[in-house]
Amino acid sequence: MDFTNKVTNWYSIHKRELPWRKTTNPYYIWLSEIILQQTQVKQGLPYYEAFVTQYPTIFDLANASEHAILKLWQGLGYYSRARNLHTTAKHIAFNLNGIFPDNYKELIKLKGIGDYTASAIASIAFNEVAAVVDGNVYRVLARYFGIDTPINSTIGIKEFKALASSLIDKEQPATFNQAIMEFGAQQCKPKNPDCTICPLKDSCVALQKNLVDVLPVKLKKTKVSTKYFNFLVCIDTNKNILFEKRTEKGIWRNLYQFPLIESEKSLKADEFYLLNLKDTFLNNLEFDYALYNTTDKVHKLSHQHLHTKFWIVEINAPLKEAIPIKSLNKYPAPVLISDFINTFNFKNL
DNA sequence: AAAACGGGGGC
DNA sequence: GCCCCAGTTTT
């Protein structure tokens, strides 16, 4: 039995029951694929359930506000996925009469859909022979065939795509694609795979050459930068809070936060003045302040470490833009902020 | 070609 | 502390 049949056979035995495997509705397949980008099934599953419940059809999603969609996406990260999801939902609902594009060539034109997702939807929903290459597929192929081309190099991306395309089961592309990904997720795991029970153990090059721990090869990643964030939790005389939308490009676009001032270093409790508040909205306002956390709350992202302090600023005047404390949780917010809101005892103010 | 873009989990 | 995750978009 060859690679393709062994993997497909393994899948028929070991596949997990997942909600998006009970349907070929392209809307649900698409939703699941976007949610699962750079996200493990375990983490994405509850979000998938929530979206299907809240937005049963693409028209429901198209008619929703971005605010509501981001709120439901809160905590999942990579928020451009949610913004693109909304953009594409509106496009399909209103420009394409709600008819989902049914082939790779059209799918890849959609916002938020790249090579992987176009292949996944085309194959799973429409049975097109389009090979998927995700992190699992890179790992399985690199190990089984003993390929040390860096998987994130231009040449490697082409090489693995071609190899996957040569292996895909043309009679059942949907099953094969899901099989090889599931095989990578459960059997050919990144760390400590149990190769003794692997159906491919007799022909796996990495196993014969003791390269399982070495493959796949990945080019060096970019280094992580450190930033110092100072959030000003501004409370006015009505016990209302300032909460702002991040409108600029970059992380957390269109999510909400307390007024933020970056500093060059981690500030001490007596270094509040270094924030140069006379240049800000706080100029001309009378206020008292206190540092909430003496040690930085460190929020780690894949490409930056945010060292964060929260300053409680009580302003001796009413503020028009401030919102009631109770309504804070209506707004989509980064985990860093929502964690603070859920932890801080506003009642003591 | 490289960097930006989140957050959670495994070891 | 480092790596990985059903990747895509921007620079």
Side-chain angles (χ1 to χ4, degrees), chain A residues 11 15-16 18-21 29-48 70 73-85 87-88 107-121 123-124 130-140 150-158 160-161 164 174 176-186 188-193 213-214 216-225 227 246 248-255 298-306 332-339:
Chain A
Y11 181 64
K15 68 180 281 193
R16 288 168 289 183
L18 297 170
W20 48 86
R21 288 187 176 153
I29 301 301
W30 169 59
L31 200 48
S32 71
E33 292 299 344
I34 301 300
I35 287 172
L36 292 173
Q37 287 169 6
Q38 295 293 282
T39 303
Q40 299 198 171
V41 167
K42 186 176 172 186
Q43 187 189 4
L45 187 52
Y47 286 85
Y48 175 82
L70 283 173
W73 198 272
Q74 178 176 304
L76 199 53
Y78 284 151
Y79 297 93
S80 64
R81 289 183 292 172
R83 297 190 298 268
N84 290 338
L85 192 74
T87 299
T88 292
L107 286 163
I108 202 166
K109 294 177 181 173
L110 302 172
K111 200 84 172 158
I113 295 184
D115 178 75
Y116 164 77
T117 306
S119 302
I121 299 172
S123 62
I124 297 171
V132 295
V133 185
D134 73 333
N136 293 306
V137 176
Y138 280 120
R139 187 171 55 257
V140 171
I151 61 173
N152 54 344
S153 63
T154 302
I155 186 71
I157 291 168
K158 287 180 62 176
F160 282 95
K161 177 76 179 184
F176 174 78
N177 276 343
Q178 294 179 87
I180 190 170
M181 290 191 285
E182 185 81 330
F183 182 78
Q186 290 197 60
C188 198
K189 297 184 296 184
K191 302 288 182 187
N192 305 322
D213 294 338
V214 178
V217 173
K218 213 169 184 176
L219 260 29
K220 42 95 177 87
K221 50 175 184 347
T222 60
K223 77 179 217 305
V224 176
S225 63
K227 290 186 174 181
R246 294 178 64 96
E248 65 278 16
K249 289 186 298 184
I251 61 168
W252 302 330
R253 185 173 179 184
N254 293 0
L255 275 67
V298 182
H299 190 70
K300 293 182 177 182
L301 307 178
S302 54
H303 56 299
Q304 49 189 7
H305 289 181
L306 307 178
V335 164
L336 176 61
I337 299 299
S338 64
D339 278 355

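Only a predicted model underlies this, so the values are computations on that prediction, with no experimental measurement involved. Just so it is clear: chains get the letters A, B, ... in the order the sequence lines come, proteins before strands, and each one is counted from 1.
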What's the [atom1]-[atom2] distance between [X] and [N], to the nearest Å?
X: A:Leu306; N: B:dA4; atom1: CG; atom2: P; value: 13 Å
X: A:His305; N: B:dG7; atom1: NE2; atom2: P; value: 13 Å
X: A:Lys223; N: B:dA4; atom1: NZ; atom2: C1'; value: 14 Å
X: A:Arg246; N: B:dC5; atom1: CZ; atom2: C1'; value: 12 Å
X: A:Leu76; N: B:dC5; atom1: CG; atom2: P; value: 17 Å
X: A:Lys300; N: B:dG9; atom1: NZ; atom2: P; value: 15 Å
X: A:Arg83; N: B:dC5; atom1: CZ; atom2: P; value: 10 Å
X: A:Gln74; N: B:dG6; atom1: CD; atom2: P; value: 13 Å

Classify the nucleic acid contact of A:Gly44 as base, sugar-phosphate or nothing, counting any heavy atom under 4.0 Å across all strands shown.
nothing
Not counting sequence neighbours, which residues clear ring pair (Phe, Tyr, Trp, His ring centres under 6.0 Å) with [X]? List them please.
X: A:Tyr78; answer: none
X: A:Phe176; answer: none
X: A:Tyr11; answer: none

N/O donor-acceptor pair under 3.5 Å between [X] side chain and [Y] backbone:
X: A:Asn177; Y: A:Ala130; value: yes
X: A:Arg81; Y: A:Ile35; value: yes
X: A:Thr117; Y: A:Gly114; value: no
X: A:Arg253; Y: A:Arg83; value: no

Name the residue closer to the 5' end of DNA chain B, choosing between A:Leu219 and A:Ala333 according to the nucleotide with the nearest heavy atom.
A:Leu219
Pairwise 5' ranking along DNA chain B for A:Lys42 and A:Lys227, keeping only the more 5' one:
A:Lys227
The side chain of A:Lys218 lies closest to which of these nucleotides: B:dA2, C:dC5, C:dG1?
C:dC5
What's the gap between [N] and [M] when it is taken at their [atom1] atoms, as a whole Å value?
N: C:dT8; M: B:dG8; atom1: P; answer: 22 Å
N: C:dC3; M: B:dA3; atom1: P; answer: 15 Å
N: B:dC5; M: C:dA6; atom1: P; answer: 23 Å

Measure the acute angle between the ring planes of A:His299 and A:Trp252, then classify it against the limits of 30° and 60° as parallel, tilted or perpendicular.
tilted
Does [X] have a side-chain nitrogen or oxygen under 4.0 Å from the phosphate oxygens OP1 or OP2 of [N]?
X: A:His303; N: B:dG6; answer: no
X: A:Trp252; N: B:dA4; answer: no
X: A:Tyr138; N: C:dC5; answer: no

Please assess A:Ile113 against A:Glu33 for the test side-chain contact (heavy atoms from CB on, under 4.5 Å), listing each intermediate value before the final yes or no.
CA-CA 9 Å; A:Ile113 295 184; A:Glu33 292 299 344; over 6 Å; no
With the sugar-phosphate defined as primed atoms, P, OP1 and OP2, and the base as all remaining atoms, what B/S/- string results for nucleotides 6-11 of chain C, 5' to 3', for protein heavy atoms under 4.0 Å?
BBSSSS
DNA chain B in dot-bracket form (Watson-Crick or G-U pairs under 3.5 Å, [ ] crossing, | inter-strand) is |||||.|||||
Taking side-chain hydrogen bond (donor to acceptor under 3.5 Å, both in side chains) as the test, write out the residues that go with A:Thr88, two or more places apart.
none
